Amino acid sequence: MSITNPVEIDYPESDGRPMGETDTHRKWIVRVDQLLIQRLKGEQHYIGSDLLIYYEHGQPRRFVVPDNFVVLDCDPGPRRTFKTWEEQRTPDVVFEVTSRSTKREDLVFKPKIYEQFGVSEYFLYDPLAEYLSPALQGFRLQNGTLVQMESTTGELTCQTLGIQLRLSGKSLEMVDLASGELLLTEAEDNARCADQFRESADREREARKIAEAKNRQLEEELRRLRGESTR
């Protein structure tokens with residue numbers, strides 16, 4: 001009796017589409033990824049960007065490609081693709097840097113898949129403010145449906161990650177809810193630390209100069225007093 005080997009199914013690592021529609025969209029996809037990596041540094045969460053998520057075993061055409069996503073309590077190591085049946089996990093938060101050409105996909109098709117995943121929060125950001133008004137929108141899962149968040153200030157809260165999202169002009173900002181500090185990329189944080197070190201060193205040098213000047217004044221005053229006392 002011959003044994004038939006099971007057919008190995010190929011799950012491609014690319015959908016053949018570019019990351020982002022324009023330089024601006026690509027920049028923001030990368031920036032959101034870097035902000036999330038820095039925000040969750042050292043924690044046991046997976047941060048993915050422009051990665052194919054396969055969600056049905058044996059069906060390589062059943063996939064979705066979020067611009068940015070976070071999977072909680074998941075090995076943070078690098079992956080070539082994300083297969084939900086192997087990971088036993090699905091994304092908890094998804095961010096899409098959306099555009100006019102992807103609006104139907106981002107507003108209609110992807111949310112249905114994310115609802116199936118049980119994505120807790122879903123955010124859309126239109127960096128060119130081409131079609132989305134407001135240009136930053138958020139949705140939260142309620143009874144299996146992603147319901148749009150309401151905001152009178154334009155600020156949205158990502159409860160899952162403990163961050164606040166807001167627009168500064170057209171630029172997206174993320175703020176740590178606990179500290180109120182603006183989230184930075186690793187490069188920006190390193191630059192800030194370097195600036196703070198230089199400022200601290202400058203203050204110390206200035207303080208030394210002032211102290212040395214005061215000491216000289218005291219010495220001169222002591223010499224003057226000694227000279228007067230010997231007259």
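These numbers come from a predicted model, not from an experiment.
Hydrophobic clustering (ILVMFWY, side-chain heavy atoms < 4.5 Å, transitive): Leu107 and Ile29 are in distinct clusters. When hydrophobic clusters are built by joining Ile, Leu, Val, Met, Phe, Trp and Tyr residues whose side-chain heavy atoms come closer than 4.5 Å, directly or via intermediates, Ile53 is not grouped with Val65. A single hydrophobic cluster is seen to contain both Leu40 and Leu35, as judged by linkage of ILVMFWY side chains at heavy-atom distances under 4.5 Å, directly or through other members. The cluster map of Ile, Leu, Val, Met, Phe, Trp and Tyr, joined by side-chain heavy atoms under 4.5 Å apart, puts Leu132 and Tyr125 in different clusters. Both Val71 and Val64 are members of a single hydrophobic cluster when ILVMFWY side chains are connected at heavy-atom separations under 4.5 Å.
Every ring pair (Phe, Tyr, Trp, His ring centres under 6.0 Å) that Tyr46 has, sequence neighbours left out, goes to Phe69, Phe82. Judged as a ring pair (Phe, Tyr, Trp, His ring centres under 6.0 Å), and not counting sequence neighbours, the contacts of Tyr55 are Phe117. Asp23 is linked by a salt bridge (Lys or Arg N to Asp or Glu O under 4.0 Å) to Arg26, counting only residues two or more places apart in sequence or in another chain.
Nearest approach of Gln44 to Pro76, heavy atoms of both residues: NE2-CD, 3.4 Å. Considering all non-hydrogen atoms of both residues, Pro66 and Leu51 come closest at CD-O, 3.7 Å. The two residues Gly58 and Ile9 have their closest heavy-atom pair at CA-CD1, 3.5 Å. Across every non-hydrogen atom of Tyr54 and Gln59, the tightest pair is CD2-O, 4.5 Å. Closest of all the heavy-atom pairs between Asp73 and His45 is N-ND1, 3.1 Å. For the pair Asn68 and Asp33, the tightest heavy-atom approach, listed with the atom from each and the gap, is ND2-N, 3.4 Å.
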Apply the test side-chain contact (heavy atoms from CB on, under 4.5 Å) to residues Phe139 and Val119: give CA-CA distance (whole Å), side-chain angles for both, the deciding distance (0.1 Å), then the verdict. CA-CA 10 Å; Phe139 301 79; Val119 168; over 6 Å; no
Start with the C-alpha distance between Leu183 and Val175, add both sets of side-chain angles, then the distance that settles side-chain contact (heavy atoms from CB on, under 4.5 Å), and finish with yes or no. CA-CA 5 Å; Leu183 298 190; Val175 178; 5.9 Å; no
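Under the 4.5 Å side-chain criterion, counting only non-hydrogen atoms from C-beta, Pro91 is not in contact with Val70. Leu161 places a side-chain heavy atom less than 4.5 Å from the side chain of Leu36. By the 4.5 Å heavy-atom criterion applied to side chains, Tyr122 and Pro111 are counted as neighbours. Side-chain contact check for Gln159 versus Glu121: some heavy-atom pair is nearer than 4.5 Å. A heavy-atom distance below 4.5 Å is not found between the side chains of Leu167 and Glu173. Proximity of His57 to Tyr11: side-chain heavy atoms (C-beta onward) are separated by under 4.5 Å at one or more points. Side-chain contact check for Thr24 versus Leu128: some heavy-atom pair is nearer than 4.5 Å. Annotation: side chain of His25 is in contact with side chain of Pro127 (closest heavy-atom distance under 4.5 Å).
Side-chain contact check for Ser99 and Tyr131: no donor-acceptor pair (N or O, by modelled atom type) lies under 3.5 Å. In summary, the side chains of Gln137 and Gln148 do present a donor paired with an acceptor at a separation below 3.5 Å, with no hydrogens or angles considered. Side-chain N/O atoms of Glu96 and Tyr114 include a donor and acceptor closer than 3.5 Å. With hydrogens and angles left out, the side-chain atoms of Ser168 and Ser171 include no donor and acceptor closer than 3.5 Å. When only modelled atom types and interatomic distance are considered, Gln38 and Glu186 share no side-chain donor-acceptor pair under 3.5 Å.
Remark: Glu13 CD is packed, more than 12 non-hydrogen atoms of other residues, nucleotides or ligands lying under 6.0 Å away.
Atom OG of Ser14 and atom CZ of Arg80 lie 12.0 Å apart (nearest 0.5 Å). Atom CG of Leu156 is separated from atom CE of Met149 by 6.0 Å, given to the nearest 0.5 angstrom. Here CG of Leu184 is found 10.0 Å from CG of Asn190. Values are rounded to the nearest 0.5 Å. With rounding to the nearest 0.5 Å, the separation of OG1 in Thr157 from CG in Leu165 is 8.5 Å. Expressed to the nearest 0.5 Å, how far CG of Leu146 lies from NZ of Lys110 amounts to 13.5 Å. Note that OG1 of Thr84 and CZ of Arg89 are 12.0 Å apart. Values are rounded to the nearest 0.5 Å.
Using a 4.0 Å cut-off between charged side-chain N and carboxylate O, Glu105 and Arg17 make a salt bridge. Arg31 and Glu188 are joined by a salt bridge, as a carboxylate oxygen and a charged side-chain nitrogen come within less than 4.0 angstrom of each other. Between Arg79 and Glu87, at least one side-chain nitrogen of the basic residue sits less than 4.0 Å from a carboxylate oxygen of the acidic one, meeting the salt-bridge criterion.
The backbone N or O of Glu130 lies less than 3.5 Å from a partner atom in the side chain of Arg100, making a donor-acceptor pair. In this structure, the side chain of Asp92 engages the main chain of Leu72 through a donor-acceptor pair within 3.5 Å. A donor-acceptor pair under 3.5 Å is absent between the side-chain atoms of Thr145 and the main chain of Val147, judged by distance alone. A distance-only check finds a donor-acceptor pair linking the side chain of Ser151 to the backbone of Glu155 [under 3.5 Å].
If you run side chain to side chain contact (heavy atoms under 4.5 Å, CB included) between Asp106 and each of Thr98, Asp67, Val97, only Thr98 comes through.
For an aromatic pair to be called close, the ring centres must be under 6.0 Å apart, and Phe123 with Trp28 fails this.
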